[in-house]
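Structure, as structure tokens:
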Number of protein chains: 2
Amino acid sequence: MSAKKVLVVDDEASIREMLRLALEISDFKCLEAADIHEAYRLITDESPDIVLLDWMLPGGSGIELLRRLKKEEATQALPVIMLTAKTHEDNVVQGLEVGADDYITKPFAPKELIARMKAILRRASSEEGGSELRVGELVLEIDSRRVMLSQKALEMGPTEFKLLHFFMSHPERAYSRAQLLDRVWGANVYVEERTVDVHIRRLRKALQAGDPVYADLIQTVRGTGYRFSPRDLAVV
Amino acid sequence: MSAKKVLVVDDEASIREMLRLALEISDFKCLEAADIHEAYRLITDESPDIVLLDWMLPGGSGIELLRRLKKEEATQALPVIMLTAKTHEDNVVQGLEVGADDYITKPFAPKELIARMKAILRRASSEEGGSELRVGELVLEIDSRRVMLSQKALEMGPTEFKLLHFFMSHPERAYSRAQLLDRVWGANVYVEERTVDVHIRRLRKALQAGDPVYADLIQTVRGTGYRFSPRDLAVV
DNA sequence: CAGTTATGTGACATTCACGTGACACCTTGC
DNA sequence: GCAAGGTGTCACGTGAATGTCACATAACTG
């Protein structure tokens with residue numbers, strides 16, 4: 001794997017320096033920006049893999065940049081970790097609501113930061129793939145946002161599509177409701193865990209409409225959550 | 001999720017007491033050791049989820065224990081947070097090099113310690129993956145939460161799964177009912193000891209359904225408890 | 001061998017987790 | 001403005017999982 005590019009956005013040179021050191025030790029390539037303008041330029045010019053974004057910045061706070069990134073299609077998927085000196089709960093909540101993938105409060109252990117970065121990068125890379133996913137006769141077309149079963153289109157809502165997408169990218173593994181909320185809905189929302197059940201049901205229903213056998217792909221793991229298991233699919 | 005076990009290693013009783021209080025308020029179960037010897041015994045006996053390790057200890061400094069833990073396969077993944085009164089950069093670097101997951105300098109706010117612990121534990125639990133335990137034809141798949149025996153899935157309840165998981169992680173060793181309750185059910189529950197017998201039976205039954213030979217893996221140690229013994233498995 | 005203690009086992013009540021239909025709210029498009 | 005579909009939440013029903021008991025059986029004791 002080639003070295004990942006990390007953009008550090010912070011107005012304090014000492015912090016940038018510290019991060020640069022920590023990052024380069026861990027084989028990341030490091031870009032630096034002291035303000036929002038420079039940050040935005042580097043993002044479009046250099047397309048980094050992840051952004052470490054300080055909360056307080058001259059010329060507009062970090063959250064403004066975050067908002068802007070999440071609004072534009074091209075940068076929507078770009079992972080962002082917020083760095084904040086404040087411990088106010090508010091900031092965290094606000095940051096996550098706008099779409100930060102994680103936050104970390106200063107002072108932090110570099111090792112922890114690196115660990116979280118890796119986790120997020122791993123997650124991001126595991127979910128990007130070809131333009132379609134396939135299990136037996138079931139085909140999920142990512143670009144056209146359609147699901148085909150034996151040449152026939154299945155009808156389902158956006159949430160069910162995302163859910164199926166996630167499951168097909170991570171087969172044979174049980175996920176808790178909390179994990180699914182985190183990965184499918186996003187870390188920034190608060191919904192009841194039982195809501196997952198309802199969407200699982202809707203997804204099963206949609207699959208069943210195509211072929212009853214395929215509804216069994218989604219198994220419930222009692223006491224834990226759900227699992228997508230192509231392994232147990234009866235061979236046609 | 002059941003309460004995590006924290007091992008506090010410090011020679012000063014007052015500090016241990018303080019930490020115990022802070023930890024128990026946050027729903028951790030607390031083990032204490034005053035020296036390296038005791039610490040090592042508790043680690044092998046009780047397998048805590050994380051260790052808080054003082055730098056200066058009688059009978060060998062904390063870093064020696066750390067080195068030992070990181071050298072041995074069984075304890076390599078065990079997260080360790082170093083506690084140190086010294087502020088010398090040296091210590092920090094040395095500690096992290098040997099493999100401490102974080103460090104914190106005295107005096108520290110209990111709240112911060114707890115926060116860092118949680119962060120590390122969260123990371124640890126999300127990174128365990130691709131793992132499975134195997135004994136002969138018996139395979140316990142951790143992340144798919146399934147048990148396979150000769151390619152066939154075994155049916156069992158969550159408790160039996162946890163029980164088997166524990167046994168397969170700690171083979172060839174007899175555990176009392178009290179210990180099993182503690183490790184499998186969790187610390188703060190009150191159930192009759194005989195309940196263990198019933199679940200042992202259910203687990204044996206599940207194994208037997210797959211292959212009668214495998215039920216003998218779980219042996220009763222009269223007057224003591226039970227033991228999981230792959231050693232005695234008849235080779236097919 | 002009888003007496004005593006420890007473990008195996010089936011049955012049962014209760015609790016708990018999950019499936020499911022209904023519904024109110026919010027978008028979105030016309 | 002309204003209609004249509006998507007979404008989150010709730011209430012209810014059902015079946016699985018759990019803990020406990022009573023009794024059977026096996027293992028030690030003297």
Side-chain angles (χ1 to χ4, degrees), chain A residues 97 145-147 153-166 174-182 184-209 212 215-229, chain B residues 1-2 145-147 153-166 174-209 212 215-229:
Chain A
E97 271 176 2
R145 213 178 169 73
R146 263 192 302 197
V147 180
L154 294 186
E155 288 194 18
M156 64 180 71
T159 306
E160 284 73 40
F161 183 87
K162 275 186 273 180
L163 190 55
L164 182 59
H165 183 190
F166 175 74
Y175 290 95
S176 70
R177 289 159 178 61
Q179 286 173 315
L180 290 173
L181 281 176
D182 208 52
V184 177
W185 275 253
N188 47 344
V189 291
Y190 173 69
V191 280
E192 290 294 320
E193 293 208 338
R194 290 297 310 269
T195 300
V196 175
D197 297 26
V198 179
H199 284 275
I200 288 280
R201 154 148 180 75
R202 290 172 182 159
L203 179 50
R204 278 175 173 156
K205 216 168 182 177
L207 290 173
Q208 189 151 35
D216 302 337
L217 280 173
I218 297 166
Q219 304 170 344
T220 112
V221 184
R222 218 154 232 277
T224 303
Y226 298 93
R227 169 180 54 208
F228 183 80
S229 179
Chain B
M1 192 191 306
S2 66
R145 223 178 167 75
R146 269 194 289 208
V147 181
L154 294 186
E155 287 195 19
M156 63 179 71
T159 307
E160 285 73 40
F161 183 89
K162 276 185 270 181
L163 192 54
L164 181 59
H165 185 183
F166 176 75
Y175 290 94
S176 70
R177 291 166 174 72
Q179 284 174 314
L180 289 173
L181 281 177
D182 203 50
R183 302 290 208 92
V184 178
W185 272 254
N188 322 326
V189 290
Y190 172 69
V191 279
E192 290 294 321
E193 292 209 338
R194 290 297 312 271
T195 300
V196 175
D197 297 26
V198 179
H199 284 275
I200 288 281
R201 154 149 180 73
R202 289 172 181 159
L203 179 51
R204 279 176 173 156
K205 214 169 184 176
L207 291 174
Q208 190 152 33
D216 302 337
L217 280 172
I218 297 166
Q219 304 170 344
T220 110
V221 184
R222 207 179 166 75
T224 304
Y226 299 92
R227 170 181 52 208
F228 184 79
S229 179

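Keep in mind that this is a model prediction, so the values were computed, not measured. All chains are named by letter (A, B, ...) in the order of the sequence lines, taking the proteins before the strands, and each is independently numbered beginning at 1.
- The distance from atom CD1 of B/I218 to atom P of C/dG8 is 11 Å, rounded to the nearest whole Å.
- In this entry the distance linking CG of A/L207 with P of C/dG19 reads 14 Å, nearest Å.
- In this structure A/R201 satisfies the side-chain hydrogen bond (donor to acceptor under 3.5 Å, both in side chains) test with no other residue, sequence neighbours excluded.
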Assess the residue pair A/Y226 and A/R177 against the criterion (side chain to side chain contact (heavy atoms under 4.5 Å, CB included)); give the C-alpha distance rounded to whole Å, side-chain angles, the decisive distance to 0.1 Å, and a yes or no. CA-CA 8 Å; A/Y226 298 93; A/R177 289 159 178 61; 3.7 Å; yes
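- Within the 4.0 Å cut-off from OP1 or OP2 of C/dA17, not a single side-chain nitrogen or oxygen of A/Y226 is found.
- Atom CG of A/L203 is separated from atom P of D/dG6 by 14 Å (rounded to the nearest Å).
- With sequence neighbours left out, B/A174 forms a side chain to side chain contact (heavy atoms under 4.5 Å, CB included) with B/V221, B/T224, B/R227.
- Residues that satisfy the side chain to side chain contact (heavy atoms under 4.5 Å, CB included) test with B/Q179, not counting sequence neighbours, are B/Y175, B/S176.
- Separating the CZ atom of A/R177 from the C1' atom of C/dG19 is a distance of 11 Å, rounded to the nearest angstrom.
- Put simply, the side chain of A/E160 does not reach to within 4.5 Å of the side chain of A/L154, judged on heavy atoms.
- Atom CG in B/L180 sits roughly 15 Å away from atom C1' in C/dT7 (whole-Å rounding).
- The side chain to side chain contact (heavy atoms under 4.5 Å, CB included) check on B/D182 picks up B/K5, B/K29, B/E46, B/A187, with sequence neighbours excluded.
- Distance, A/R201 CZ to D/dG6 C1': 16 Å, rounded to whole Å.
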Going 5' to 3' through nucleotides 16-30 of chain D and flagging B where a protein heavy-atom sits under 4.0 Å of the base, S where only the sugar-phosphate is that close, and - otherwise, we get SSBBBB-----BS--
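- Rounded to an integer number of Å, the gap from A/D197 CG to C/dG21 P is 14 Å.
- The side-chain hydrogen bond (donor to acceptor under 3.5 Å, both in side chains) check on B/R202 picks up nothing, with sequence neighbours excluded.
- If you check every strand for non-hydrogen atoms under 4.0 Å, A/V221 touches sugar and phosphate atoms only.
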Restricting both atoms to N or O, compile the protein contacts to nucleotides 27-30 of chain C shorter than 3.5 Å, with distance only.
none

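- Nucleotide D/dT7 holds its P atom 11 Å from the CG atom of A/L163, rounded to whole Å.
- Shown here are the side-chain hydrogen bond (donor to acceptor under 3.5 Å, both in side chains) partners of B/T159, two or more places apart in sequence or in another chain: there are none.
- With sequence neighbours excluded, the residues satisfying side chain to side chain contact (heavy atoms under 4.5 Å, CB included) with A/E192 are A/Y190, A/T195.
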